[in-house]
Amino acid sequence: MRLATWNVNSVRARHERLLAWLAAHQPDVLCLQELKVADPSFPLDELRAAGYEAAIHGQKTYNGVAILSRTPLGEVERGLADDVDDPQARLISARVQGLRVISAYVPNGAVVGSEKWAYKLAWLQRLRRHLERRFARTEPLLLCGDFNVAPEDRDVANPAAWAGSVLTHAEARVALAELLSFGLVDAFRLKRPEPGLYSWWDYRMLGFPKNDGLRIDHVFTTPTLAGRVSAASIDRNERKGKQPSDHAPVIVELTD
DNA sequence: ATGGTTGCTTAGCAA
């Protein structure tokens, strides 16, 4: 089974690229983030024609997440289901081929110390509680998405330049580590421990031409599935050419 | 040279 996660930065702007990428890479499951459309504007028909069912949690202008699958999606759940009144569409989960797949778009956090920063840290805590309430570490779970956190300095091309940013700050890394302490492992790093692998490059400052990248998009899995991870990669090519997303797809292969 | 990009929506926000 091939599973991927990709922050497309507007499914409308990335429509052609999305269909071309699906055709070229044939993932069984694709988690999407930053749809930036409400549900009725999601290109369901074209994706069905391409062979994919979709579970959507859309939002106009900002956020929005989805899970695409070649096989049927069941038990779809949207949001963190806690007592916080939160209109931001950042989480969706579904059952696919006996697995529980989650597509998450963690808040960026803007600037350390800002209100958005506090929301980011709180959101990661809320996700941890959601996992505890809703799932067991003994079940086959795949938590995928844009986490807006580079877990370690080896995930950052230029750690000195990014020191103290919302993507690398110690508090964000601790919050991510606490999320993973639910009982999740970094599926990508199981197979790809080497440095120099990134999933996001800022549109500004010649980020991609200079390869000033960070690995902030992840696939985390419960230990029951870790042994089935057979390969992992990042499709850096998708960041090239005309009108790319600022994120590249992260791909994980699981043995059946 | 203290900027630089993109997307959504249409001046300003978010990333």
Side-chain angles (χ1 to χ4, degrees), chain A residues 5-21 31-43 46 56-66 79 84 86-92 103-124 127 144-151 155-169 171-173 175-176 198-218 234-250:
Chain A
T5 183
W6 186 17
N7 178 325
V8 288
N9 186 19
S10 167
V11 75
R12 202 180 290 134
R14 229 60 63 200
H15 185 95
E16 295 300 319
R17 272 188 179 257
L18 173 59
L19 289 170
W21 196 84
C31 294
L32 296 172
Q33 301 86 37
E34 278 211 87
L35 305 177
K36 296 189 174 181
V37 292
D39 288 8
S41 301
F42 190 85
E46 289 95 327
I56 314 157
H57 187 26
Q59 183 181 336
K60 183 177 152 75
T61 310
Y62 303 118
N63 310 312
V65 287
V84 178
D86 187 347
Q88 301 193 33
R90 294 181 175 275
L91 195 83
I92 189 169
S103 179
Y105 176 42
V106 176
N108 170 282
V111 175
V112 172
S114 65
E115 270 185 37
K116 289 192 175 72
W117 171 248
Y119 174 67
K120 175 183 194 169
L121 298 178
W123 199 92
L124 283 162
L127 177 54
C144 315
D146 174 4
F147 289 79
N148 270 312
V149 181
D155 301 309
V156 185
N158 189 348
W162 287 90
S165 85
V166 292
L167 305 179
T168 64
H169 194 281
E171 281 186 66
R173 287 175 169 174
L176 182 66
Y198 313 117
S199 67
W200 173 83
W201 300 259
D202 202 320
Y203 285 129
R204 298 164 291 185
M205 303 289 290
L206 301 171
F208 191 67
K210 287 155 66 176
N211 196 26
D212 183 13
L214 293 89
R215 195 178 67 96
I216 60 175
D217 300 88
H218 306 294
I234 297 176
D235 182 20
R236 197 176 184 283
N237 276 333
E238 179 53 41
R239 184 63 175 77
K240 299 176 182 174
K242 247 187 104 176
Q243 292 184 296
S245 167
D246 43 354
H247 296 252
V250 178

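All chains are named by letter (A, B, ...) in the order of the sequence lines, taking the proteins before the strands, and each is independently numbered beginning at 1.
As rounded to the nearest Å, B:dG7 and B:dG3 have P atoms that lie 23 Å from one another. Spacing between B:dA11 and B:dT2 at atom P, rounded to whole Å, works out to 27 Å. On the C1' atoms, B:dT9 is 16 Å away from B:dA15, given to the nearest whole Å. B:dA1 sits 22 Å from B:dT6 when the C1' atoms are compared, rounded to a whole Å.
Here B:dT6 is the nucleotide among B:dT6, B:dC13, B:dA15 with the atom lying nearest to any side-chain atom of A:Tyr203.
A donor and an acceptor atom, one from each side chain of A:Asn9 and A:Lys36, are located under 3.5 Å apart. The closest side-chain donor-acceptor pair between A:Asp212 and A:Trp201, if any, does not fall under 3.5 angstrom. No donor-acceptor contact under 3.5 angstrom links the side chains of A:Trp200 and A:Asp146, judged on distance only.
Residue A:Asn63 contributes atom CG, which lies 7 Å from atom P of B:dA15 at whole-angstrom precision. Rounded to whole Å, the distance from CG on A:Asn108 to C1' on B:dT6 is 14 Å. Taking atom CZ on A:Arg12 and atom C1' on B:dT6, their separation rounds to 14 Å, with Å as the unit. Counting to the nearest Å, the P atom of B:dT5 and the CG atom of A:Asn9 are 15 Å from each other. Nucleotide B:dT5 holds its P atom 14 Å from the CG atom of A:Asp246, rounded to whole Å. Straight-line distance from the CG atom of A:Asn7 to the C1' atom of B:dT5: 15 Å, rounded to whole Å. Rounded to whole angstrom, the span from the CG atom of A:Asp202 across to the C1' atom of B:dA14 amounts to 12 Å. Protein atom CZ of A:Arg204 is 7 Å distant from nucleotide atom C1' of B:dT5, rounded to whole Å.
Between A:Ser245 and A:Glu238 the shortest side-chain heavy-atom distance does not fall below 4.5 Å.
Looking at A:Ser103, its side chain never comes within 3.5 Å of a backbone N or O of A:Cys144 through a donor-acceptor pair.
At the heavy-atom level, A:Phe208 lies nowhere under 4.0 Å from the strands shown.
The side chain of A:Arg14 contributes an N or O atom lying less than 4.0 Å from OP1 or OP2 of B:dG7. A:Thr61 has a side-chain polar atom (N or O) that falls below the 4.0 Å cut-off from OP1 or OP2 of B:dT9. Taking only side-chain nitrogens and oxygens, A:Lys116 never comes nearer than 4.0 Å to OP1 or OP2 of B:dA15.
In terms of position along DNA chain B, the nucleotide closest to A:Leu35 lies nearer the 5' end than the nucleotide closest to the other residue of the pair A:Asn148 and A:Leu35.
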